[in-house]
There are 2 protein chains.
Amino acid sequence: MTETAVGSVALGEKTGSKSEQAYTAVKARIVEGTYTPGYRLVLAKIAEDLGVSVVPVREAIRRLEAEGLVKFERNVGATVSGIDPTEYLYTMQTLSIIEGAATALSAPLIDSVAIARARAVNAEMRDCLEHFDPVRFTALNQDFHSVLFEHCPNPHILDLVHRGWNRLASIRASTFRFVPGRAQESVKEHEALLQLIESNADANTIEHAARRHRSATLDAYLAQSNAGSVSAH
Amino acid sequence: MTETAVGSVALGEKTGSKSEQAYTAVKARIVEGTYTPGYRLVLAKIAEDLGVSVVPVREAIRRLEAEGLVKFERNVGATVSGIDPTEYLYTMQTLSIIEGAATALSAPLIDSVAIARARAVNAEMRDCLEHFDPVRFTALNQDFHSVLFEHCPNPHILDLVHRGWNRLASIRASTFRFVPGRAQESVKEHEALLQLIESNADANTIEHAARRHRSATLDAYLAQSNAGSVSAH
DNA sequence: GTCATAGTTATCGTATACGATTTCGTACTC
DNA sequence: GAGTACGAAATCGTATACGATAACTATGAC
C-alpha cells in the first residue's frame, strides 16, 4: 500500500515488452513528480535513458496521452499535462461521479475486516494532520478508497477511478491541494462513510455521500479562488 | 446527424498524419460493422490497404485498444473486441452512470430549440418502430442523446459517453439489442425525459431518470437471459 | 534599435529491415 | 488412429534511417 502509481489494467502487451517498460517508467516519473507539468518529453532522450529505441517510447507516450497525463502536439512534441484550473474542475467533477458510483456498488461487498482496515488507515491520516505530513496524507487517502473499492464489481468503473487519480497525481505538486481545513473535514467524512456502509444504508445514500466527499474538495478549492459552486448537486 | 462513428476528442495529432488516418479508418470499419467482433486485424494487411507502413497502423490499433474496441495479445495480434455478456453488463452499467450525470449537467443548458429538435428525432424513432427499421432506430437514438449532450459543460464526461457508445456499436450486430418491447418503452422514456427538462426538474430527478433509461435496457436484457437485476439502484 | 528573412538545428513522423515468437502443417512414432 | 516432435510460414516487436516540419539563431534592411 501507499504506492503512488495506480496501474490501469494492463490491456494487452505483457510486461517485458520495451513498450510496456517505457510506459511504466515514464508514467511513474510523472506520477511521482520527477517530470513536473510542462516538462518536455523528448522521445530520443527518453529512449536513450531507457536503453531502447524511439518507437516503443513513442507508443508509450501516446498511451499516456490517452490517459490525459501527457499533451502531444504534432511535429512539436510531448509535454507533461499541466495544471489548468478548468481541467482540474473537469477531473474532480468526473471523479466525484465515478467514485460515488464505485462506492455504492462496492458497499454491499465490503466486510468488517475491510472496514477495520479502512478505519486504521483513516486513523493514520489523522496522525498525519497533527504532524503535518501532506504527502503521506495524500497517499493514505488513496489507500483508504482503495480498500473500499477493492471488491468493486465493475472493473470499467474502477479503471476510471484510477485514471482520475493518476491525473490528479500529475498535478499534485501544484497549489490545488492546499485548502485550509479541508483535510480535517475529509477525515470526518471518511468515518461517516464507513458508518453508512456498516449500517447497510441504501445505495442512493451511500452514493450521494461518497460523491459529496469528492465534490466538497472541489467546492473548497473553488470557494478559495472566489468562484461559485459547480459541484454535481 | 445519424452518423455512426462518434469521435472522441482528437487528442494531439492533427488530421493528416498517417497514424490519425489509420485510426479513423479502422475505427469506422469497426463501428459500422465491416470488421465484426473476432475479426483478425493483421497490421501488415491493414497497412497495405491504407497505403501506409505498419508503424502508424500499430499506433492506431493500440489507441483503439485503449478505448476497448480492440483486443491485443502480445506476439499474437489484434482482434475486434467481442460480445462477452459480462463486458456488456460492465459497459451498460458504466454508461448508465455517465449518461445520467451528463444529462443532469446538460439539462439547465438545453434551450427550447434543442428540445424541439430532440422531439423531432424521437418522432422519427416512433416511425422506425412502425416500419421496423432497427438500424435507423439505433442511429436516431444516438442522435437524440447527442442533442441533449451537445452543450454538456464537462468534456471529460462527454468523452466517456462517446467511448461507451462506440463500445456498444462494435457489438451492435449481436443479439443484445433485441429485447421485445424495449424500444417502445425507450421512446416513451425519451418524451418523459424531455418533459422533466422542460419543467426545470431538479438535477437529482433528471439524473435518476436518465440513468434508469439506460439501465432499464440492461435489465431487460438480463431478464431475457433469466438473471436477476444488476442495475445501479 | 527593431523587425523581417534566410539558414541551421532539433525533433518528429514514417518507411524499411530484421530478429523473435507464435502458429500451423506435416511427418513420424507408438 | 492418436499423439508428439519437428520445421516452415506468418506475424509481431523493435532498431535504424531518412525525409518533413517546426523552433531557433543570426544576419541584414529600415
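Given the structure is predicted, the values throughout are model-derived calculations rather than measurements. In what follows, every chain begins at residue 1, and chains take the letters A, B, ... in the order their sequences are listed.
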Nearest-Å distance, [atom1] ([X]) to [atom2] ([N])?
X: B/R58; N: D/dA15; atom1: CZ; atom2: P; answer: 11 Å
X: A/K18; N: D/dG13; atom1: NZ; atom2: P; answer: 13 Å
X: B/L41; N: D/dG13; atom1: CG; atom2: P; answer: 13 Å
X: A/Q21; N: D/dG13; atom1: CD; atom2: C1'; answer: 13 Å
X: A/E73; N: C/dA10; atom1: CD; atom2: P; answer: 20 Å
X: A/E59; N: D/dA15; atom1: CD; atom2: P; answer: 12 Å
X: B/L43; N: C/dA15; atom1: CG; atom2: C1'; answer: 15 Å
X: A/I46; N: C/dC12; atom1: CD1; atom2: P; answer: 9 Å

Touch class at under 4.0 angstrom, heavy-atom based, for B/I61 against every strand present: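 Result for B/I61 = nothing.
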
Of A/V76 and A/P56, the one whose closest DNA chain D nucleotide lies more 5':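 Per heavy-atom nearest nucleotide, the more 5' residue is A/P56.
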
5'-most by nearest nucleotide on DNA chain D - A/S53 or B/A44: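 On the 5' side of the pair lies B/A44.
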
Sub-4.5 Å side-chain heavy-atom contact between A/P85 and A/Y221: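 Touching, per the 4.5 Å side-chain cut-off.
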
B/L64 side chain reached by B/L41 side chain, heavy atoms, under 4.5 Å: no

Name the pairs: protein N/O against N/O of nucleotides 17-19 of chain D, kept only if under 3.5 Å.
none

Side chain to side chain donor-acceptor pair (under 3.5 Å) partners for A/N154, two or more places apart: B/Q93, B/T94

Qualifying residues under side chain to side chain donor-acceptor pair (under 3.5 Å), relative to A/Q21, sequence neighbours excluded: none

Any side-chain donor near an acceptor of the partner, A/R40 and A/T79, under 3.5 Å: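 No donor-acceptor contact under 3.5 Å links the two side chains.
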
Residue B/R40, side-chain heavy atoms: nucleotide from C/dT11, D/dT11, C/dT14 that is nearest: D/dT11

Short side-chain to backbone donor-acceptor contact, A/S215 and A/R211, under 3.5 Å: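 It does hold such a pair.
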
Distance flag, aromatic centroids of B/H213 and B/H145, threshold under 6.0 Å: yes

